[in-house]
Novice: 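Would you mind keeping the following structure in view while I ask a few things?
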Amino acid sequence: MESNQKTGLILTGGGARAAYQAGVLKAVSSILAEAGYPASQNPFDIICGTSAGAINATALACRADDFNDSVNTLLEFWQHCRVEQVYPRIRWE
């Protein structure tokens, strides 16, 4: 009997949470690899997110054909993202 169950990933919004999510996704990727799960296979049938989580969801979905690579790309992005790139400096004059 074929199962029609799906595994979903829901990523919340909230600024720095998106960077934390990248770290958690890296851990998920590592755990799956240790268990013998193919690195390129995406474990999530459904991926969605809100606000900053939508950035991560989009990045994962765009590279859904290689989960490990998409996670590494996402992790690299957040490791190099700086506050000044997200929030403009406010000048009080």
Side-chain angles (χ1 to χ4, degrees):
M1 177 154 103
E2 187 176 319
S3 173
N4 59 355
Q5 293 182 337
K6 304 285 183 193
T7 302
L9 176 66
I10 301 171
L11 302 170
T12 63
R17 282 193 191 115
Y20 304 147
Q21 291 167 359
V24 170
L25 288 165
K26 180 62 178 171
V28 168
S29 180
S30 295
I31 291 167
L32 290 172
E34 287 176 18
Y37 196 85
S40 63
Q41 188 172 343
N42 193 322
F44 303 106
D45 301 303
I46 302 164
I47 302 171
C48 65
T50 300
S51 192
I55 294 170
N56 288 348
T58 302
L60 291 173
C62 285
R63 300 179 64 103
D65 60 330
D66 192 331
F67 182 69
N68 190 54
D69 189 48
S70 67
V71 169
N72 286 332
T73 301
L74 193 58
L75 193 62
E76 187 174 326
F77 168 77
W78 286 113
Q79 286 176 331
H80 293 95
C81 188
R82 300 289 172 249
V83 172
E84 0 359 287
Q85 294 171 306
V86 178
Y87 299 107
R89 292 184 185 165
I90 299 174
R91 296 178 188 220
W92 301 95
E93 296 182 50

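Keep in mind that the numbers below use all heavy atoms, side chains included, and drop hydrogens, waters and symmetry copies. Start at 1 with the first residue, then count along the sequence.
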Novice: Counting neighbours of CD1 on Ile10 that are heavy atoms of other residues, nucleotides or ligands and sit closer than 6.0 Å, is the number greater than 12?
Specialist: no
Novice: For residues 33-45, tabulate all N or O donor-acceptor pairs below 3.5 Å that involve a side-chain atom, not counting sequence neighbours.
Specialist:
from	atom 1	to	atom 2	distance (Å)
Asn42	OD1	Phe44	N	2.8
Asp45	OD2	Thr7	N	2.9

Novice: Distance-only check: which donor-acceptor pairs under 3.5 Å involve side-chain atoms of residues 11-24, not counting sequence neighbours?
Specialist:
from	atom 1	to	atom 2	distance (Å)
Arg17	NH1	Gly13	O	2.9
Gln21	OE1	Asn56	ND2	3.0
Gln21	NE2	Thr12	O	2.9

Novice: How many angstroms lie between atom OG of Ser70 and atom CD1 of Ile47, to the nearest 0.5 angstrom?
Specialist: 7.5 Å
Novice: Out of curiosity, Asn68 CG to Ser30 OG, how far, rounded to the nearest 0.5 Å?
Specialist: 7.5 Å
Novice: Check whether Leu32 and Leu75 end up in the same hydrophobic cluster, where Ile, Leu, Val, Met, Phe, Trp and Tyr are linked by side-chain heavy atoms less than 4.5 Å apart.
Specialist: no
Novice: Which atoms form the tightest heavy-atom contact between Ala57 and Cys48, and what is the distance?
Specialist: CB-C, 3.7 Å
Novice: What pairs with Thr58 under side-chain contact (heavy atoms from CB on, under 4.5 Å), at least two apart in sequence or on another chain?
Specialist: Cys62
